[in-house]
Amino acid sequence: MPAATPTSPLHTWWSQRPPAAGAAVMATGILSVALHQTDYETLSRIALALACAAWLALAADFVARLVWDRTRWAKEAATPAALTAVAATTVLGTRFTTLGWQTLAKALLALAAVLWPGLLIAVVRHWRRRMSGAVFLGCVATQGLAVLAATLAATETTAWLAHAALALFWLGLLLYAIALTCFDLRQVAHGAGDHWVAGGALAISALAGSRLIAADSAELYLWNDDDSGVLRTVTVALLVLDLAWYAVLLVAEIAWPRPHYDVRRWATVFPMGMTAAATLSVATAVDIPWLRTPGEALLWIAVAAWLAVTAGAVLTYAGAWSAEITSTTRR
């Protein structure tokens, strides 16, 4: 009996893990992407390893619940946070393309594409007024597919994949506009962390736009001059709007401090890291070199936020585990 005690609290904690935990993979994965963009390759690979380990654990949990706890799986699949499964998968796939692991990236794109429609429909059917920032995850998941498809289109010189990415890009913007009507603006002052996705969704949209611009080449000739001009204008506008959201949300954090840990704080780190990655990518795609400096500054702010949230998670779960062990021992 005593031998089983140490594993019981961990099992209890894991069984109570919310779908929002997928944002931790998204946050860590996008930091890996941004660190690679700024040539911090060792740190990037460390972040990638952590993200992969977390993704594998969450994927195993996803399958286990689907097989053995179908009722709970169906209930959680209808929540916006379920779409973190799609977004996290595409973020990892995007990073793998920069390592030259195209086959693995394609497999992750296929997996995300299979999960995306069913989860998106289930989630959108439950949209309502006055929702948290998680409502924007429909846009994030869709744009994540666009980013990965556009990145693969560039490396594989595949026109149809780029055109599919463009369709997803515009669909993602439509989903953002609809989600904005459902978002409770009071979350800016009182949200638990996922209110930052209101800006992060614009950041990943800007990243998708920049990857679509970069995918074009003389060999593919994807867009004519008018299309290219519209894509550039929209991409830059999305980045500007994202930075505006970033400033508003940062001021709100100072005005209404929320220092306690919440699993939804990973959905704060992800938009911070995504804004950095989008800024760096747009700087290259539209040839605005000076954007790299603020992009790097935003990256280190995101790294600091990741460290703070990680520390909060460790302290919170260590305390809960210790309390559970004590309770189990007494019983």
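Taking every heavy atom of both residues into account, Met274 and Gly200 meet most closely at CG-O, 4.0 Å. The nearest pair of heavy atoms linking Ala134 to Pro80 is O-CB, 3.2 Å. The heavy-atom pair separating Met131 from Trp127 by the smallest distance is SD-CA, 3.7 Å. In plain terms, the two heavy atoms of Leu148 and Gly93 that are nearest each other are CD1-C, 3.4 Å. The shortest non-hydrogen separation linking Ser205 to Cys139 is OG-SG, 3.7 Å. The shortest non-hydrogen separation linking Gln187 to Ala192 is OE1-N, 4.4 Å.
Leu104 CG to Arg95 CZ: the interatomic distance, rounded to the nearest 0.5 Å, is 12.0 Å. The CH2 atom of Trp300 sits 9.5 Å away from the CG atom of Leu31 when rounded to the nearest 0.5 Å. Separating the CG atom in Leu109 from the CG atom in Leu161 is a distance of 6.0 Å, to the nearest 0.5 Å. Taking CG from Leu171 and CD from Gln143, the interatomic distance works out to 8.0 Å, rounded to the nearest 0.5 Å. From His163, atom NE2 reaches atom CG of Leu168 across 13.5 Å, with rounding to the nearest 0.5 Å. In this structure, the separation between CH2 on Trp116 and CG on Leu145 is 6.5 Å, given to the nearest 0.5 Å.
Applying the ring-ring contact (aromatic ring centres under 6.0 Å, His included) test between Trp196 and each of Phe136, Phe270, Tyr246 identifies Tyr246 as the sole match. Only one option out of Thr142, Val147, Val197, Ile30 pairs with Ile204 in a side-chain contact (heavy atoms from CB on, under 4.5 Å); it is Val147. Between Leu238 and the choices Val240, Asp242, Val234, the side-chain contact (heavy atoms from CB on, under 4.5 Å) rule is met once, by Val234.
The main-chain N or O of Ala313 is never found under 3.5 Å from a side-chain atom of Thr316 such that the two would form a donor-acceptor pair. Side chain of Tyr176 to main chain of Ala198: a donor-acceptor pair is present (N/O by atom type, distance under 3.5 Å, no hydrogens or angles). Side-chain atoms of Ser32 come within 3.5 Å of backbone atoms of Ser44 as a donor-acceptor pair (strictly under, hydrogens ignored). Side chain of Thr38 to backbone of Ala34: a donor-acceptor contact under 3.5 angstrom is found. With hydrogens and angles ignored, the 3.5 Å screen pairs no side-chain donor or acceptor of Arg265 with any backbone N or O of Thr310.
Two residues are said to be in side-chain contact when any heavy atoms from C-beta on lie closer than 4.5 Å; Leu108 and Thr90 fail this criterion. Inter-residue side-chain proximity for Leu174 and Trp170 is flagged as unmet; no heavy-atom pair is nearer than 4.5 Å. Counting heavy atoms from C-beta outward, Leu43 and Val303 have side chains that stay 4.5 Å or more apart. No side-chain heavy atom of Val124 sits less than 4.5 Å from a side-chain heavy atom of Ile178. Using a 4.5 Å heavy-atom threshold, the side chains of Val286 and Ile213 count as touching. A heavy-atom distance below 4.5 Å is not found between the side chains of Trp266 and Thr84. Proximity of Leu202 to Thr275: side-chain heavy atoms (C-beta onward) are nowhere separated by under 4.5 Å. Looking at heavy atoms from C-beta onward, Arg258 lies in side-chain contact with His195 at the 4.5 angstrom threshold.
Under the side chain to side chain contact (heavy atoms under 4.5 Å, CB included) criterion, Thr233 pairs with no residue, sequence neighbours left out. Considering only residues two or more places apart in sequence or on other chains, Glu296 meets the side-chain hydrogen bond (donor to acceptor under 3.5 Å, both in side chains) condition with none of them.
One hydrophobic cluster, built from ILVMFWY side chains closer than 4.5 Å, cannot hold both Leu137 and Ile121; they sit in different ones. Neither Val251 nor Leu249 shares a network with the other; the hydrophobic side chains, linked directly or stepwise wherever heavy atoms of I, L, V, M, F, W or Y lie under 4.5 Å apart, form separate groups for each. By the rule that hydrophobic residues join a cluster once side-chain heavy atoms approach within less than 4.5 Å of another member, Val86 and Leu56 end up as members of one cluster. One hydrophobic cluster, built from ILVMFWY side chains closer than 4.5 Å, holds both Phe62 and Val25. Under a hydrophobic-cluster definition in which Ile, Leu, Val, Met, Phe, Trp and Tyr are linked whenever side-chain heavy atoms come within less than 4.5 Å, directly or via other members, Phe169 and Trp160 are assigned to the same cluster.
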_Run Val188 and Trp245 through side chain to side chain contact (heavy atoms under 4.5 Å, CB included) and show every step you take._
CA-CA 10 Å; Val188 172; Trp245 257 120; 4.0 Å; yes
_Does Leu175 form a side chain to side chain contact (heavy atoms under 4.5 Å, CB included) with Leu120? I'd like the steps, not just the answer._
CA-CA 10 Å; Leu175 289 170; Leu120 182 64; 4.1 Å; yes
*side chain to side chain contact (heavy atoms under 4.5 Å, CB included) between Leu239 and Leu291: does it pass, once the steps are laid out?*
CA-CA 11 Å; Leu239 181 62; Leu291 272 178; 4.1 Å; yes
_Working for side chain to side chain contact (heavy atoms under 4.5 Å, CB included), residues Leu99 and Arg45_ = CA-CA 10 Å; Leu99 293 171; Arg45 294 196 180 209; 3.4 Å; yes
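Residue Trp101 qualifies as open at atom CH2: its count of foreign heavy atoms under 6.0 Å is 12 or below.
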